[in-house]
Amino acid sequence: MSRGSLVDVRPSAVALGQYGGGRSVDTLYQQYGRAMRDLVIAAIDAADARGATYADARAVKMDSESLGVRGPRVEDLDRSESLGFGVRVLAEGAWGFAASTDLTTEEAARVSATAVDVARASATARLRPVELVPEPAHRAVWATPTSRDPFEVPLEEKVDVLTRAGEVMEAHPQIRVGRATMDASREQTWFASSEGAALEQTIIHTAGGIEATAVADGEVQQRSYPASFRGHYEAGGYEVVERMDLDGNAEQTALEAAELLTAPECPSGISTLVLDGHQVMLQVHESVGHPTELDRVLGMEAAFAGTSFVGLADLGSLRYGSDLVSIVADATSPGGLGTFGFDDEGVEAQRVDLIRNGVLVGLLTSRETAATIGAERSNGTMRADGWENFPLIRMTNVNLLPGEGSLDDLIADVDDGIVMATNKSWSIDDRRTNFQFGCEIAWEIKRGRLGRIYKNPRYTGITPAFWGSCDAVAGPQEWRMRGTPNCGKGQPGQTMRVGHGTSPARFRNVSIGVTQ
Amino acid sequence: VNGVPFDHEDARRAFQSVAAFEGADDVELVITASTTGLTRFALSEIIQNTVRREVNAYVRIAVGLRSATAATTQLDDEHLLAAARSALVAARASPEDAEFPGLPSPDEVGRAEALFRWDDATAETTPAGRAKVVREIVQASGPHRVAGAYETSSHAYAVLSSKGMDCYDAHTRCVVSGLVDTTAATGWGEDSSYAAHEVDAGSAVARARKKAESGAGAVSMEPGHYEVVLEPAAVATMIDYLSYSGMGAKQVLDGDSWLAERAGKPVAAPEITVADDVFHPTSVGIGFDFEGVPKRRVPVIDHGVATGPVTDYRTAKRLGVSPTGHFSGSVEFGPYASHVVVGGGEKSLEDLIGEVEDGVLVTRFHYVNVLDRPSTLLTGMTRDGTFRISRGEIKEPLRNFRFAQSVLESLDAAADIGRDLVAFAPNYGSFGCTVAPALRVSDFHFASTTSH
């Protein structure tokens with residue numbers, strides 16, 4: 001086994017001095033770095049001694065802060081630190097994994113021994129040995145670029161922004177709950193493998209959002225800004241929140257929530273549908289991201305998450321959408337929740353085409369599944385929720401590439417249609433074809449102009465037909481990196497943060513509001 | 001006791017490091033820990049196999065009307081004190097919260113009894129033992145592909161505070177699930193209990209295989225309103241969303257709950273009783289909430305009538321009632337009904353099917369979500385065994401439906417209740433259990449169909 005120093009810095013990695021507003025990575029790692037490096041190396045050595053044919057170990061320190069206010073009151077102010085490590089091994093052609101919070105080299109040896117025992121047990125119910133495609137043994141340090149470390153911003157400053165927004169919203173008599181939230185996470189990972197990989201990564205995500213809940217006569221309506229489900233998430237520092245102007249948008253958010261109480265139901269029928277960028281994000285996530293995960297395609301997730309309508313024979317031929325639909329998986333996108341230097345089996349971040357001009361051309365792969373289909377290299381999508389989980393194929397940043405024009409241009413070309421904004425609910429079948437989405441708000445379009453608002457807008461579709469009906473994608477001026485922090489998959493259930501760069505898009509002949 | 005993740009004395013020792021933390025008026029320490037072995041299989045072989053030990057300690061600091069929580073995965077003095085310092089800084093940075101009721105004391109809310117749903121053999125199951133069960137599942141699936149998971153785990157919980165809380169409880173759990181795929185159709189079966197010896201993997205897979213082998217040649221049926229028999233897994237999913245849509249007092253106080261406008265009114269057929277009841281013999285859980293308040297059985301729908309929400313210490317104070325022991329751990333979310341039980345009837349599943357002239361049998365649902373919380377309107381898909389029922393017999397397999405259906409309307413239209421209660425473990429996390437029977441529902445809305 002090859003191991004050694006972890007100090008090599010890749011040319012593309014962030015300069016150490018830029019991290020954390022001038023603090024060096026070495027300073028940040030001072031408390032844990034040496035111990036974590038020793039831990040993962042001890043784990044690899046122990047796995048080797050027990051007969052593993054491959055091993056990797058990840059030690060993770062995840063710091064997070066979650067702040068939630070309602071009106072002028074702080075409801076939740078939680079800080080957490082999660083420290084632990086996991087060891088993944090191959091023995092007798094099968095996987096074993098074990099994890100612990102006890103950060104001693106003795107425990108590392110015990111956990112590695114357990115992982116090997118688990119692998120040997122797996123081998124008794126294995127039809128074919130696991131094979132991995134090769135990957136260079138990278139040795140590097142990588143960190144999310146940030147301007148302002150969210151953990152260094154005084155709590156008083158955060159509380160002040162949120163309570164001001166909460167108070168503005170709850171000043172409206174119809175707003176029962178005006179909630180404002182901020183979340184920040186810093187995940188430091190120390191990775192080593194029996195192939196000689198040695199990686200250190202620091203990934204920082206920051207989020208903020210507000211939501212106004214209006215209640216009257218048994219009717220409940222909600223409006224969120226900039227996004228629903230605890231707001232907008234992005235890789236970066238506190239500058240992400242500062243760009244949002246949360247309190248400056250509280251008044252409009254509250255007004256729209258109140259207006260929805262008396263708005264008519266969104267009409268049902270076949271119509272032209274324009275989706276805002278946030279809803280396009282969910283559409284891409286559910287109907288493109290998940291169906292193109294190769295483990296789903298192969299049947300490995302059949303029991304829980306489901307499979308996919310996509311088959312291996314469809315690569316290069318399946319008409320997934322119109323010519324305007326081009327989608328990539330890009331782990332290098334600035335600001336993405338799926339942006340990193342290396343995935344959780346040490347594969348370098350990549351950008352790969354999934355759909356090119358409407359045709360399926362790629363799938364999300366791992367070292368194991370790439371070998372299964374005869375690919376030469378994994379495209380680097382194995383990600384684990386914390387130290388305690390086995391990595392799975394997950395979306396990185398699955399982005400719809402921008403087209404042309406503005407949202408106004410998309411609307412101007414519609415004689416009679418609907419605009420829907422901000423995801424509210426989602427559901428899709430186990431092969432990712434039949435879907436239904438709901439949004440917080442809709443506006444009618446008449447002769448190219450926005451009209452009245454509608455409440456409870458929903459639409460349904462079948463994946464390839466829906467993307468085939470896409471006749472416009474707005475241009476770069478409307479394109480934003482967005483993200484969802486709660487993508488669930490796997491057993492035990494893992495929650496992953498994934499990114500989606502999207503702009504508004506238009507779809508013709510869509511079934512709207514048909515579930516009632 | 002073998003294999004317990006930590007014991008009561010471990011928790012007391014940990015609490016001593018922060019019990020008198022300087023600057024705090026009160027201190028609370030919640031510890032959760034688990035050891036979980038989970039073996040996943042697909043394509044008739046083991047694909048992932050994990051063993052993990054987890055510990056989480058949550059230190060809550062109260063200073064006057066301010067409070068905050070900090071968590072760590074380490075139980076040593078250094079990390080617990082660091083968490084206490086972090087929580088104190090956060091609490092001091094917060095504005096006063098006039099609704100903060102302080103920490104509960106056992107003198108006021110009572111002392112919880114440990115339920116200790118524990119089985120040594122389950123806690124001691126080895127990777128080889130789990131692999132043996134998987135091999136038996138593969139064998140029982142015959143020529144068909146099978147996918148699923150077999151899990152054995154042990155969990156311990158403690159709540160200690162400067163107000164005198166000193167609670168400890170532990171439980172084990174075993175869960176098996178299997179999806180049999182004939183390539184023409186799929187079928188599903190699952191089972192769970194606190195003890196592995198009560199989990200019948202063979203029967204679960206046999207049910208899955210029978211459904212899969214009966215499912216070839218599925219035909220499309222027009223969407224619309226049908227009489228249905230929902231098997232327990234489908235009922236449990238709907239009940240989970242009924243809980244999520246507002247069985248907690250915080251949601252009721254916010255007006256964002258189906259209970260908000262319906263307390264005291266009939267909402268379901270008179271035979272329907274839905275209660276949060278961790279004491280039910282098939283449920284798996286502990287005897288207190290995450291503030292140490294003893295759990296009580298709370299009927300939320302009592303013989304068809306909506307009754308009260310579950311409460312935690314904070315919302316109980318606002319309502320002027322005694323807390324029912326349902327703090328979720330989040331003030332933002334409030335109390336949560338995590339151990340819901342739907343009362344059983346007197347008929348077998350076959351009896352329920354036998355009473356349907358023309359309808360649909362649903363094995364389970366997939367990817368359900370809330371469309372409208374106040375009306376409990378849900379959407380989702382059927383999967384892994386949807387069949388037409390004609391003249392009391394299961395007939396042709398059906399392509400899957402998307403449904404759009406209110407949970408309360410389903411309970412109101414419940415014509416019969418199955419006698420066999422089945423316990424379901426949560427899909428995410430390890431805390432909670434839903435116990436449900438099969439239901440015959442006279443009117444259920446399928447909105448669209450799909451190609452498989």
Problem set entry | Region of B:Leu75 that comes under 4.5 Å of a non-hydrogen atom in chain A | neither

For this session: Taking only Lys NZ, Arg NE, NH1 and NH2, and the carboxylate oxygens of Asp or Glu, determine whether B:Arg92 and A:Glu156 approach each other closer than 4.0 Å.
Result: no

Exercise. Which heavy atom of B:Gly255 sits nearest a heavy atom of A:Val220, and at what distance?
Worked result: O-CG2, 3.3 Å

Exercise. In terms of heavy-atom proximity below 4.5 Å to chain A, should B:Thr126 be classed as side chain, backbone, both, or neither?
Worked result: neither

For this session: For each of B:Pro374, B:Ser375, B:Ala128, tally heavy-atom pairs with chain A at distances under 4.5 Å, and name the one with the top tally.
Result: B:Pro374

Seminar exercise, completed: When the 4.5 angstrom heavy-atom criterion is applied to A:Gln221 and chain B, the contacting part is neither

For this session: Return the option, out of A:Gly84, A:Gly488, A:Ala303, with the maximum number of heavy-atom pairs under 4.5 Å with chain B.
Result: A:Ala303

For this session: Please state whether the side chain, the backbone, both or neither of B:Val89 comes within less than 4.5 Å of a heavy atom of chain A.
Result: both

For this session: Could you check which of B:Ser94, B:Ala42, B:Ser86, B:Ala57 has the highest count of heavy-atom pairs closer than 4.5 Å to chain A?
Result: B:Ser86

Problem set entry | Residue selection (most heavy-atom pairs with chain B, distance under 4.5 Å) from A:Val215, A:Asp429, A:Leu155, A:Asp78 | A:Asp429

For this session: Examine whether an atom of A:Arg128 lies under 4.5 Å from a heavy atom of chain B, and if so say whether it belongs to the side chain, the backbone or both; otherwise answer neither.
Result: both

Exercise. So, does B:Thr73 use its side chain to make a donor-acceptor pair with the main chain of A:Leu83 at under 3.5 Å?
Worked result: yes

For this session: Please look at A:Gln494 and chain B and tell me whether the side chain, the backbone, both or neither of the residue comes under 4.5 angstrom of a heavy atom of that chain.
Result: backbone

For this session: Over all heavy atoms of both residues, which pair between A:Ala302 and B:Leu179 is shortest? Give the atoms and the distance, please.
Result: O-CD1, 3.7 Å

For this session: Between chain B and each of A:Arg179, A:Arg120, A:Glu368, count heavy-atom pairs under 4.5 Å; write down the option with the most.
Result: A:Arg179

Exercise. For B:Tyr244, does the OH atom have more than 12 heavy-atom neighbours from other residues, nucleotides or ligands under 6.0 Å away?
Worked result: no

For this session: First locate atom OG1 of B:Thr379, then atom CZ of A:Phe437, and finally report the distance between them rounded to the nearest 0.5 Å.
Result: 11.0 Å

For this session: Before giving the answer on side-chain contact (heavy atoms from CB on, under 4.5 Å), spell out for B:Val368 and A:Ser427 the whole-Å C-alpha distance, their side-chain angles and the decisive distance to 0.1 Å.
Result: CA-CA 6 Å; B:Val368 175; A:Ser427 175; over 6 Å; no

Exercise. Is it the backbone or the side chain of B:Ser330 that comes under 4.5 Å from a heavy atom of chain A, or both, or neither?
Worked result: both

Exercise. To the nearest 0.5 Å, what is the distance between CZ (A:Phe435) and OG1 (B:Thr450)?
Worked result: 11.0 Å

Seminar exercise, completed: Cut-off 4.5 Å, heavy atoms of chain B, and the answer for A:Glu157 is neither

Seminar exercise, completed: Cut-off 4.5 Å, heavy atoms of chain B, and the answer for A:Leu392 is side chain

Seminar exercise, completed: Max heavy-atom pairs within cutoff under 4.5 Å with chain A, candidates B:Ala33, B:Ala91, B:Pro127, goes to B:Pro127

For this session: For B:Asn427 and A:Phe304, run side-chain contact (heavy atoms from CB on, under 4.5 Å): C-alpha distance rounded to whole Å, both residues' side-chain angles, the deciding distance at 0.1 Å, then the answer.
Result: CA-CA 9 Å; B:Asn427 284 330; A:Phe304 186 57; 3.6 Å; yes

Seminar exercise, completed: Rounded to the nearest 0.5 Å, the CG atom of B:Asp256 sits from the CZ atom of A:Arg176 at a distance of 9.0 Å

Problem set entry | Option in B:Arg40, B:Arg383, B:Glu261 with maximal non-hydrogen atom pairs under 4.5 Å from chain A | B:Arg40

Seminar exercise, completed: Greatest number of non-hydrogen atom pairs under 4.5 angstrom with chain B, of A:Arg88, A:Arg73, A:Gln222, falls to A:Arg73

For this session: Assess whether salt bridge (Lys or Arg N to Asp or Glu O under 4.0 Å) is satisfied between B:Arg314 and A:Glu75, documenting all intermediate values.
Result: CA-CA 11 Å; B:Arg314 186 184 184 104; A:Glu75 282 196 324; 5.6 Å; no

Problem set entry | Proximal component of A:Pro72, with respect to chain B [non-hydrogen, under 4.5 Å] | backbone

Exercise. Relative to chain B, which of A:Gly490, A:Gly68, A:Gly86 shows the most heavy atom pairs under 4.5 Å?
Worked result: A:Gly490

Problem set entry | Short side-chain to backbone donor-acceptor contact, A:Asp76 and B:Val331, under 3.5 Å | yes

Exercise. Could you give the distance from CD (A:Gln436) to OH (B:Tyr367), rounded to the nearest 0.5 Å?
Worked result: 13.0 Å

Exercise. Contact part of A:Ala305 toward chain B, heavy-atom cut-off under 4.5 Å: side chain, backbone, both or neither?
Worked result: backbone

For this session: Heavy-atom distances under 4.5 Å only: say whether B:Glu54 touches chain A with side chain, backbone, both or neither.
Result: both

Seminar exercise, completed: The interface call for A:Arg126 against chain B, heavy-atom contacts under 4.5 Å, is both

Exercise. Under 3.5 Å, is there a donor-acceptor pair between the side chain of A:Asn434 and the main chain of B:Ser448?
Worked result: no

For this session: Over all heavy atoms of both residues, which pair between A:Thr124 and B:Arg135 is shortest? Give the atoms and the distance, please.
Result: OG1-NH1, 2.7 Å

Problem set entry | Residue part contacting chain A, namely of B:Ile47, when any heavy atom lies under 4.5 Å | both

Exercise. So do B:His366 and A:Arg431 actually touch side chain to side chain, heavy atoms under 4.5 Å?
Worked result: no

Exercise. Looking at A:Val74 and B:Pro95, what are the two nearest heavy atoms and their distance?
Worked result: CG2-CD, 3.4 Å

Exercise. Where do A:Gln491 and B:Ser177 come nearest, in terms of heavy atoms and distance?
Worked result: NE2-OG, 4.2 Å

Problem set entry | Atom pair OG (A:Ser425) and CG (B:Leu371), whose distance is rounded to the nearest 0.5 Å | 4.5 Å

For this session: Examine whether an atom of B:Trp188 lies under 4.5 Å from a heavy atom of chain A, and if so say whether it belongs to the side chain, the backbone or both; otherwise answer neither.
Result: side chain

Problem set entry | Under 4.5 Å from a heavy atom of chain A, the part of B:Val370 involved | backbone

Problem set entry | Interface moiety of A:Val118 toward chain B, non-hydrogen atoms closer than 4.5 Å | both

Exercise. Contact part of A:Lys455 toward chain B, heavy-atom cut-off under 4.5 Å: side chain, backbone, both or neither?
Worked result: neither

Problem set entry | Straight-line distance of A:Ser82 OG to B:Asn56 CG, nearest 0.5 Å | 6.5 Å

Exercise. Do B:Glu99 and A:Arg70 meet the salt-bridge criterion of a basic N to acidic O distance under 4.0 Å?
Worked result: no

Problem set entry | Choice from A:Lys158, A:Glu301, A:Met62, A:Glu65 maximising heavy atom contacts with chain B below 4.5 Å | A:Glu301

For this session: Please determine, among B:Ala68, B:Ala90, B:Ala82, B:Ser67, the option with the most heavy-atom pairs under 4.5 Å with chain A.
Result: B:Ala90

For this session: Tell me, out of B:Ala131, B:Ala147, B:Ala93, who's got the most heavy-atom pairs with chain A below 4.5 Å.
Result: B:Ala93

Problem set entry | A:Ser122 side chain reached by B:Thr39 side chain, heavy atoms, under 4.5 Å | no

For this session: With a 4.5 angstrom heavy-atom cut-off, could you sort out which part of A:Thr101 is near chain B: side chain, backbone, both or neither?
Result: both

For this session: Apply side chain to side chain donor-acceptor pair (under 3.5 Å) to B:Arg53 and A:Ser100, showing your working.
Result: CA-CA 5 Å; B:Arg53 289 182 175 183; A:Ser100 174; 5.7 Å; no

